[in-house]
Visitor: 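The structure under discussion is supplied below as structure tokens; questions concerning it will follow.
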Amino acid sequence: MASTKKILVVDDALIDRQRLCTVLAKANVNATVSLAQNGREGVEKARIEHPDLIFMDILMPELDGYSACRQLTTAADTKGIPIVIVSIKHQPADKVWATLQGAVALVAKPYTDDQILEQVAHFI
């Protein structure tokens, strides 16, 4: 039996963390989901838990999503973890900047369940 996958959700808004968890639960995604409230906490959890996928907001206190993404994608122990940016910032420049920081995709808020599940299917 394959081990359960891990997904880390990093977002400062409780409602947005809950929404992602609901999408994953409704689809019966076979993954353990952990949560972080800001980029700093997200980086710490990623280094400890080594998730298979990270959903990361951009606009957060303490450490924004771009900086957290850059830290994770340049560190030897976490650089292989795919990071999907999930944000209200989704202009072409935001997509370019997210890619430059190492993100594998950007999903715009508000998103559909299918947009999130497509990322899960692609990276897990």
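Just the heavy atoms: all of them, side chains too, but no hydrogens, waters or symmetry mates, feed the values below.
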Visitor: Is the count of non-hydrogen atoms from other residues, nucleotides or ligands lying under 6.0 Å from Ile88 atom CD1 greater than 12?
Guide: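 Count not over threshold, so no.
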Visitor: For the pair Lys109 and Asp57, find out whether any cationic side-chain nitrogen is under 4.0 Å from an anionic carboxylate oxygen.
Guide: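 Judged by the 4.0 Å cut-off on N to carboxylate O distance, Lys109 and Asp57 do form a salt bridge.
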Visitor: Would you say the side chain of Ser34 lies within less than 4.5 Å of the side chain of Lys6, judging by non-hydrogen atoms?
Guide: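 In short, these two side chains do not touch, never coming nearer than 4.5 Å.
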Visitor: Of the non-hydrogen atoms in Cys69 and Ala103, which two are nearest, and what is the gap between them?
Guide: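 That closest heavy-atom pairing would be SG-N, 3.5 Å.
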Visitor: Going by heavy atoms in the side chains, are Ser87 and Leu106 under 4.5 Å from each other?
Guide: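 Not in contact.
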Visitor: Can any side-chain N or O of His50 pair as donor or acceptor with the backbone N or O of Arg47 at less than 3.5 Å?
Guide: yes
Visitor: Answer yes or no: is there an ion pair linking Lys89 with Asp64, defined by an N-O contact shorter than 4.0 Å?
Guide: no
Visitor: Sort and list the pairs that fulfil salt bridge (charged side-chain N to carboxylate O under 4.0 Å, His left out) and have at least one residue in residues 65-80, not counting sequence neighbours.
Guide: none
Visitor: How many angstroms lie between CD1 in Ile85 and CD in Gln119, if you round to the nearest 0.5 Å?
Guide: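 Answer rounded to 0.5 Å: 11.0 Å.
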Visitor: Sub-3.5 Å donor-acceptor pair from the side chain of Asp16 to the main-chain atoms of Ala13, do we have one?
Guide: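 No.
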Visitor: Rounded to the nearest 0.5 Å, what separation is found between the CG atom of Leu8 and the CD1 atom of Ile54?
Guide: 5.0 Å
Visitor: Could you identify which residues cluster with Ile116, counting Ile, Leu, Val, Met, Phe, Trp and Tyr as linked when any side-chain heavy atoms lie under 4.5 Å apart, either directly or through a chain of such contacts?
Guide: Ile7, Val9, Leu20, Val23, Leu24, Val29, Val33, Leu35, Leu53, Phe55, Val84, Val86, Val104, Val107, Tyr111, Leu117, Val120, Phe123, Ile124
Visitor: Should the heavy atoms of other residues, nucleotides or ligands under 6.0 Å from CG of Leu14 be counted, would the total exceed 12?
Guide: yes
Visitor: Could you walk me through whether Gln101 and Thr73 satisfy the side chain to side chain donor-acceptor pair (under 3.5 Å) test, starting with their C-alpha distance in whole Å, then the side-chain angles of each, then the deciding distance to 0.1 Å, before giving a yes or no?
Guide: CA-CA 7 Å; Gln101 305 317 304; Thr73 59; over 6 Å; no
Visitor: Could you give me the CA-CA distance, side-chain angles and deciding distance for Val10 and Glu41, then say whether side chain to side chain contact (heavy atoms under 4.5 Å, CB included) is met?
Guide: CA-CA 8 Å; Val10 185; Glu41 186 181 339; over 6 Å; no
Visitor: So does Lys95 get a backbone contact from the side chain of Thr99, meaning a donor-acceptor N/O pair under 3.5 Å?
Guide: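 Such a contact is found between Thr99 side chain and Lys95 backbone.
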Visitor: Should Lys5 and Thr32 count as side-chain neighbours, where that means a heavy-atom distance under 4.5 Å?
Guide: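 Lys5 vs Thr32: side chains apart.
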Visitor: So, taking the atom named CD in Glu44 and the one named CG in Asn38, what distance separates them when rounded to the nearest 0.5 Å?
Guide: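 Output value for this atom pair is 8.0 Å.
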Visitor: Taking Arg40 for the side chain and Glu62 for the main chain, is one N or O donor matched with an acceptor at less than 3.5 Å?
Guide: no
Visitor: For the atom pair NZ (Lys45) and CG (Leu72), what is the distance rounded to the nearest 0.5 Å?
Guide: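 Here the interatomic distance stands at 13.5 Å.
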Visitor: Nearest heavy-atom pair of Ala36 and Arg17: which atoms, and what distance?
Guide: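 Taking every non-hydrogen atom into account, O-CD, 3.6 Å.
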Visitor: Could you go step by step and tell me if Val96 and Gln91 meet the side chain to side chain contact (heavy atoms under 4.5 Å, CB included) rule?
Guide: CA-CA 9 Å; Val96 169; Gln91 297 301 313; over 6 Å; no
Visitor: Walk me through it: do Ile81 and Asp52 pass the test side chain to side chain contact (heavy atoms under 4.5 Å, CB included)?
Guide: CA-CA 6 Å; Ile81 303 169; Asp52 298 286; over 6 Å; no
